[in-house]
Amino acid sequence: MRRRALIWVLVAYLFLGTWHSVLNPICESSDEYWHLGFVVHLAQGGALPVQQPGRETSWRQEGSQPPLYYWLQAQIARGLGLPLERLDAACPRNPHANLGDATQIANRNLALHGPWQAFPWSGMVLTIHVWRFVSVLLGALAVWGAAWLARELFPSRPGWAVAVAAFVAFNPMFLFINSAVSNDALITPLATLVLALSARVWKRGTTYKGVLLLGGLSAMAALTKLSGLTLWPWAALALLFSAEAGTRRWRYLALFLLLLFVGSGWWFWRNWQLYHDPTGLNVMLDIVGRRHASLQDLLREGEGFRRAFWGVFGGMNVLMPGWVYALLDGWTLVVGIGWLAFLFSRWRRKVLDRQTWGAIVGYIATVFVALVRWTMKTLASQGRLMFPALAPIGLIWWAGWEWWAQRWPHRWLRVGTAWTPLAFLALLGFLAPPLWIAPVYNPDRVRVESLPSDVERAEVAFDDVVRLLGYRLPQASTVHPGEDVDIRLYFERLEGTTRPWSLFVHLVDDVGIILAQEDRYPFLGLLDMPRVPPHARWEEPVRLHIPETAVTPARLHMEMGFYDLKTMERLPPAGLGEDHVSLGSWVLQSNPGPYPNPSFFVFGDRIALVGFDIHPRRLRPGDTLQITLYWQCLASMNHDYVVFTHVLEPPQRIWGQQDKAPRVPTHAWEVGKVYAETYTLHLKEDTPPGLYEIEIGWYRPDTGKRLRLPDGRNFLYLSRVRVVP
């Protein structure tokens with residue numbers, strides 16, 4: 001009966017995984033484009049990539065990953081003779097994509113989509129779908145391995161095998177990741193199989209054949225993703241404490257280590273030869289971007305981490321409804337309490353298997369600590385990266401939830417309660433593609449036949465390419481820093497031939513400084529202009545966020561137009577004598593507060609910027625800029641800190657600077673008191689015209705270490721200034 005139930009779980013998983021694979025547009029999973037680039041490179045006969053920061057490649061940071069998954073998919077493509085024509089033709093990239101930001105209205109798509117991707121598939125599109133289905137099949141191994149692990153660790157509880165398998169199979173994020181081209185699709189099944197085999201070795205003993213299998217799978221895991229290294233110590237411990245191993249345990253361990261060295265040692269030696277780093281992570285960080293986050297920074301990212309365990313889709317920018325995450329968070333809390341109660345009840349009856357539960361928690365902690373260390377170095381606070389431990393997490397989850405379900409007096413209530421959350425996960429896995437994923441990539445949702453009655457008519461043509469038909473602006477005449485300005489623009493495609501023009505929308509103040517902007521292709525970034533059919537009409541909703549550091553008072557207006565991203569040439573509107581259209585007028589007023597431009601930016605949990613003033617904001621080369629900053633002491637300090645102020649051309653070129661310690665050293669600051677400090681910056685004589693950021697921050701002069709903001713940055717872009725000839 002339970003074997004039949006497990007088969008049904010596997011069938012349901014294969015259906016849901018294929019469902020995700022088909023309905024989620026290609027190249028719209030996290031980093032799928034770069035994973036694809038790696039596979040295509042190998043399938044076309046290329047050697048393993050040698051990473052060079054600053055060089056644009058079709059695999060980017062993924063070229064630093066261990067190669068097993070990519071090699072496997074490349075061999076499948078070559079063996080089946082699958083088409084391998086240009087990836088950029090199958091998946092044209094959206095150059096304005098907003099990765100990891102689910103608050104954006106537009107640019108949530110990583111690629112452009114059209115009829116060439118529709119079923120029946122052909123060419124490179126067909127190849128990508130075959131690779132995706134291979135990932136789905138690999139995920140089935142993880143589902144089966146989860147059941148195997150549960151059987152080995154808890155043979156007296158056969159029902160747990162089906163439940164843990166279902167927990168893995170129906171997790172919406174697992175379905176999403178394992179229906180895409182990604183090495184995550186291989187590391188989770190390999191990790192689960194290694195854990196299950198390690199449990200078998202530990203509980204029942206082994207033979208040389210078992211050691212060969214364990215060592216081979218462990219080496220394969222390390223050659224798939226570096227998180228596979230977390231398996232090695234636990235597999236070695238299983239061999240050392242293997243049941244009935246006797247004097248052979250040390251031989252088994254030696255053979256296991258030899259297999260690891262032979263199977264994967266070459267990869268680490270290659271990295272050492274190329275990068276002087278056996279893991280290759282340093283060069284990967286140079287490509288993907290570094291940071292130096294604290295544990296407190298990671299705690300602030302906890303909500304995103306939890307959500308990404310259950311389901312954050314697209315380029316980490318497509319969410320399920322908020323109530324789903326709230327329900328899953330509450331459910332997790334209930335499960336955690338139930339698990340502790342389960343352990344306590346077993347301990348009181350002196351039947352608690354401490355070693356087994358210690359091993360389960362120990363492996364989860366190993367993966368979590370490794371992830372924390374990685375996340376402190378780069379932006380990676382994603383719960384899906386815990387999936388190598390998904391089956392052990394499922395064991396804790398089921399033990400905790402079953403404890404609650406067993407409180408019911410009747411069997412049918414116990415069974416129904418236990419399986420309800422698993423059915424809910426399966427329902428989420430089924431609904432996510434049609435309800436929350438696919439609609440994001442449908443351009444028809446902004447297509448209009450006629451303009452709403454409350455739209456202000458415009459009729460401004462941009463050559464013979466596109467016409468602005470009208471717009472809708474906020475009715476309020478006053479706005480404040482930190483607020484959003486919502487705008488709706490209405491366009492019609494004309495019949496002229498065209499290039500892939502990008503729409504720009506700027507919020508500009510009376511000094512000519514751009515406070516907020518958004519650039520996109522038409523139809524929310526989903527289509528480039530050549531793919532928009534003539535006479536099509538559509539709405540472009542735009543949300544511009546006024547920075548909290550916008551200088552007040554000021555008068556704002558909106559500027560919009562079109563430009564070519566490659567040449568930066570603008571498409572001029574007819575009859576205006578400008579290269580843009582200006583719309584609206586708003587007064588930017590200060591938020592309430594005792595200081596100019598009230599704000600609250602906390603540096604190192606010690607000092608808060610509570611106000612500032614900048615004068616003048618329009619300068620010429622050689623002019624002097626004065627900045628007054630109001631600092632509030634939040635906590636007593638044992639060290640003296642220095643403020644740096646820069647006129648900066650991002651990312652690093654400085655055209656004016658003053659570093660100055662406060663008049664009262666920070667070790668003598670009183671908690672709660674506000675200190676006003678003025679800084680004078682002399683602009684260099686050869687400063688070119690343009691917009692420049694005012695960058696500020698704090699550092700210790702003895703170590704150079706900077707204080708950090710809650711988001712992990714060690715600087716704050718305060719505002720902008722304009723330099724004119």
*Asks:* Can you list the steps and then say if R132 with N24 is a side chain to side chain contact (heavy atoms under 4.5 Å, CB included)?
*Replies:* CA-CA 11 Å; R132 280 187 161 195; N24 179 35; 3.6 Å; yes
*Asks:* Can you say whether the rings of W19 and F15 are parallel (under 30°), tilted (30 to 60°) or perpendicular (over 60°)?
*Replies:* parallel
*Asks:* Are D31 and Q61 close enough, and set up right, to give a side chain to side chain contact (heavy atoms under 4.5 Å, CB included), and what steps lead you there?
*Replies:* CA-CA 9 Å; D31 294 330; Q61 75 276 2; 3.7 Å; yes
*Asks:* For W397, run the ring-ring contact (aromatic ring centres under 6.0 Å, His included) check against W310, W331, F309 and tell me which one passes.
*Replies:* W331
*Asks:* Does the side chain of Q104 pick up a donor-acceptor pair with the side chain of N107 at under 3.5 Å?
*Replies:* no
*Asks:* Would you call L137 and L14 a side-chain contact if the rule is heavy atoms closer than 4.5 Å?
*Replies:* yes
*Asks:* Between W160 and F342, what is the ring plane arrangement, given parallel below 30°, perpendicular above 60°, and tilted in between?
*Replies:* tilted
*Asks:* Kindly check if the number of other-residue, nucleotide or ligand heavy atoms within 6.0 Å of CZ (R349) is above 12?
*Replies:* yes
*Asks:* Output yes when a side-chain donor or acceptor of N183 lies under 3.5 Å from a complementary backbone atom of K225, and no otherwise.
*Replies:* no
*Asks:* Looking only at the side chains, is there a donor atom on one of T417 and W404 sitting less than 3.5 Å from an acceptor on the other?
*Replies:* no
*Asks:* Just so I know, are the side chains of V602 and L709 near enough to count as touching, which here means a heavy-atom distance under 4.5 Å?
*Replies:* no
*Asks:* Regarding K203 and T356, is there a side-chain donor-to-acceptor distance under 3.5 Å anywhere?
*Replies:* yes
*Asks:* How far apart are the closest heavy atoms of L193 and L141, and which atoms are they?
*Replies:* CD2-O, 4.2 Å
*Asks:* Within this structure, what is the CD-CH2 distance for the pair E402 and W419, rounded to the nearest 0.5 Å?
*Replies:* 10.5 Å
*Asks:* When you measure from the side chain of N317 to the backbone N and O of G315, does any donor-acceptor pair fall under 3.5 Å?
*Replies:* yes
*Asks:* If we only count heavy atoms from C-beta on, is the I396 to I360 side-chain gap below 4.5 Å?
*Replies:* yes
*Asks:* Evaluate the side-chain proximity of I187 to S227: yes if any heavy-atom separation is below 4.5 Å, no if none is.
*Replies:* yes
*Asks:* Go through it in stages, so that I can follow the logic: the residues are N98 and R108, the test is side chain to side chain contact (heavy atoms under 4.5 Å, CB included), and I'd like the CA-CA distance, side-chain angles, deciding distance and then a yes or no.
*Replies:* CA-CA 6 Å; N98 282 314; R108 296 164 75 185; 5.8 Å; no
*Asks:* Anything under 30° is parallel, anything over 60° is perpendicular, the rest tilted; go ahead and classify F174 against Y13.
*Replies:* tilted
*Asks:* Evaluate L229 against L226 for side chain to side chain contact (heavy atoms under 4.5 Å, CB included), listing each step before the verdict.
*Replies:* CA-CA 6 Å; L229 293 174; L226 288 177; 4.1 Å; yes
*Asks:* Only one of F154, F344, W347 clears ring-ring contact (aromatic ring centres under 6.0 Å, His included) with W357; which?
*Replies:* F154
*Asks:* Is there a side-chain contact between L110 and Y33 in this structure, where contact means two heavy atoms from C-beta onward sitting under 4.5 Å apart?
*Replies:* no
*Asks:* Which distance, rounded to the nearest 0.5 Å, do you find between the CG of D184 and the CZ of R384?
*Replies:* 5.0 Å
*Asks:* Tell me if a side-chain donor or acceptor on R200 pairs with a main-chain N or O of A196 at a distance below 3.5 Å.
*Replies:* no
*Asks:* Give me the one residue out of R307, R300, R306 that meets side chain to side chain donor-acceptor pair (under 3.5 Å) with E303.
*Replies:* R307
*Asks:* Taking R414 for its side chain and Q406 for its backbone only, find out whether a donor-acceptor pair lies under 3.5 Å.
*Replies:* no
*Asks:* Assess, by modelled atom type and distance only, whether the side chains of E28 and H113 contain a donor and an acceptor separated by less than 3.5 Å.
*Replies:* yes
*Asks:* If you count the non-hydrogen atoms of other residues, nucleotides and ligands that lie under 6.0 Å from OH in Y208, is the total more than 12?
*Replies:* yes
*Asks:* Using side-chain heavy atoms (C-beta onward) and a distance below 4.5 Å, is S29 in contact with I177?
*Replies:* no
*Asks:* What closest approach, in Å, do G17 and L175 show between heavy atoms, and which atom pair accounts for it?
*Replies:* N-CD2, 3.8 Å
*Asks:* Minimum heavy-atom separation for L149 and A199, please, with both atom names.
*Replies:* CD1-CB, 4.0 Å
*Asks:* I'd like to know whether T366 forms a side-chain hydrogen bond (donor to acceptor under 3.5 Å, both in side chains) with W234, so could you lay out the CA-CA distance, the side-chain angles of the two residues, the decisive distance to 0.1 Å, and finally the verdict.
*Replies:* CA-CA 10 Å; T366 302; W234 293 96; 3.1 Å; yes
*Asks:* So if I apply the ring-ring contact (aromatic ring centres under 6.0 Å, His included) rule between F313 and each of F176, W436, Y441, which one comes out positive?
*Replies:* F176
*Asks:* Heavy atoms only: give me the nearest F256-S218 pair and the separation to one decimal.
*Replies:* CE1-OG, 3.6 Å
*Asks:* For the residue pair S135 / Y69, report whether a side-chain donor-acceptor contact shorter than 3.5 Å exists.
*Replies:* yes
*Asks:* Does CD belonging to Q355 count more than 12 external heavy atoms closer than 6.0 Å?
*Replies:* no
*Asks:* For the backbone of I26 and the side chain of H129, can you confirm whether one donor and one acceptor N or O come within less than 3.5 Å of each other?
*Replies:* no
*Asks:* How about Y325 and V312: do any of their side-chain heavy atoms sit closer than 4.5 Å?
*Replies:* yes
*Asks:* In terms of the angle between their ring planes, are F368 and F305 parallel, tilted or perpendicular, with boundaries placed at 30° and 60°?
*Replies:* perpendicular
*Asks:* Once you round to the nearest 0.5 Å, how far does CE of M284 lie from CD of E62?
*Replies:* 5.5 Å
*Asks:* Evaluate the side-chain proximity of V9 to R4: yes if any heavy-atom separation is below 4.5 Å, no if none is.
*Replies:* no
